[in-house]
There are 2 protein chains.
Amino acid sequence: MGSRERRSDAVANRDRIVQAARAELSGSDGGELKLHAVAKAAGVGQGTLYRHFPTREHLLAEVYRHELTQLVDAVAPLLAEHAPLDALTIWMQRLIEYARVKRGVMAAIEASAWQDLYADQHHRLDDALGTVLDHGKAAGEVRAEVDAADVILLLGALSRVPEAEWDARAHRIVAVIVDGLRPR
Amino acid sequence: MGSRERRSDAVANRDRIVQAARAELSGSDGGELKLHAVAKAAGVGQGTLYRHFPTREHLLAEVYRHELTQLVDAVAPLLAEHAPLDALTIWMQRLIEYARVKRGVMAAIEASAWQDLYADQHHRLDDALGTVLDHGKAAGEVRAEVDAADVILLLGALSRVPEAEWDARAHRIVAVIVDGLRPR
DNA sequence: ACCTGAACACCGTTCAAGT
DNA sequence: ACCTGAACACCGTTCAAGT
């Protein structure tokens, strides 16, 4: 609740951990995230890392919070200007662009789907996707049974697309998902 | 090549390792597979396990080889009696049945897709799925661009469906995939 | 209230010694 | 030719001691 007074060193440490993790993920190796290494790079003890981020997923989610927020916030404007399924298509293409550069964003999406991350903004991605789907259902463009979790699970396929095949495969996969959402 | 003379103790050990792994996977815990535990249960040294199965995936693939073979062999008869997309639907429903009981089969499928397992029967799953898709393309029921790897990646969503939601979610996901494969 | 870092636990992998 | 199992490496997690 009123987590008012956080000591400034704690805030600073948290920040440096996130920065270090971001740097580690952008590393040439291809997105490995070793927690020991992150703590060392951030200049904090492992206990401190663990205090701020109880699991690797919490850390990942924080690292990509900005990106996720942008994605989530993009939903409303898209829905205002496009038919639901078009909005979804455009949104997913934006997602692919993000994920091409920052592959970890997919891991963050998968993590955010199944855990109570984002204590402040509960399940915002879920809500955003749910909204698109609801609009689609109302317009008869989306089958009634599916929910946001279904879509997120299917999008998980993207996180297993090898880097080298990304351009060829990612768009095909999204196209299959979007078209599959239509009612028969 | 001519891997003719394999010592009988080696064969027996390999067999006991697979049996132990199978038992471990059927355990109540929910499909954990600790290699140390498998070696111990099989009564062999860890080195022996590693000699027979260089990676966890190789072991998984062997454990579910039977199931995978059955799935693969089911493709031809289905194609003979059904329209391609119907055949695919039925086949995937069979897959869901398998996976409900033996959840690890999905892991084996994912593993077999991206590695050179099954030294004897290279990529049989890939071929089988490819055949269905080719029939579908010829009949104009499947979009031309997709390949078996796309479908396998999408099916990967199933391995992340929580046990409790399996019945509700698995069929929806398969339906979305199959319908998404149709040309627009 | 928060931090540190040694220590623990776990698990995949290797390898010298055995048969 | 194959096996054993101690040993190593790696990494997530904990906790007593410190500020």
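Residue numbering restarts at 1 for every chain, and letters A, B, ... go by the order of the sequence lines. Remember, it's a predicted structure, so these values are computed and weren't measured experimentally.
Within the structure, every side-chain polar atom (N or O) of His52(A) is placed at least 4.0 Å from both OP1 and OP2 of dC2(C). The phosphate of dT13(C) has neither OP1 nor OP2 within less than 4.0 Å of any side-chain N or O from His36(B). Contact annotation: Tyr50(A) side-chain N/O to dT14(D) OP1/OP2 distance is under 4.0 Å. Contact annotation: Arg7(A) side-chain N/O to dA1(C) OP1/OP2 distance is not under 4.0 Å. The phosphate of dC3(C) has OP1 or OP2 within less than 4.0 Å of a side-chain N or O from Asn13(A).
With rounding to the nearest 0.5 Å, the separation of CG in Leu133(A) from CG in Leu85(A) is 8.5 Å.
Across the interface with DNA chain D, nearest-nucleotide mapping of Lys34(A) and Thr48(A) shows Lys34(A) to be the residue nearer the 5′ end.
We find that NE2 of His58(A) is positioned 15 Å from C1' of dG12(D), with the value rounded to whole Å. Nucleotide dC11(D) holds its C1' atom 14 Å from the NZ atom of Lys40(A), rounded to whole Å. Remark: C1' of dT4(D) and CD1 of Ile17(B) are 12 Å apart, rounded to the nearest angstrom. In this structure, the CZ atom of Phe53(B) is 19 Å from the C1' atom of dT14(C), given to the nearest Å. Spacing between atom CZ of Arg16(A) and atom C1' of dC2(C) amounts to 14 Å, rounded to whole angstrom units.
Of all nucleotides listed (dC3(C), dT14(D), dA7(D)), dT14(D) comes nearest to the side chain of Gln46(A).
Nucleotide dC8(D) is matched to dG12(C) when pairs are restricted to Watson-Crick or G-U wobble geometry with both distances under 3.5 angstrom. Remark: dA17(D) base-pairs with no nucleotide; criterion is Watson-Crick or G-U wobble with both hydrogen-bond distances under 3.5 Å.
Between Glu163(B) and Arg100(B), no side-chain nitrogen of the basic residue sits less than 4.0 Å from a carboxylate oxygen of the acidic one, so the salt-bridge criterion is not met.
No side-chain donor-acceptor contact under 3.5 Å links Thr69(B) and His66(B).
Looking only at side-chain heavy atoms (C-beta outward), Arg14(B) and Phe53(B) come within less than 4.5 Å of each other.
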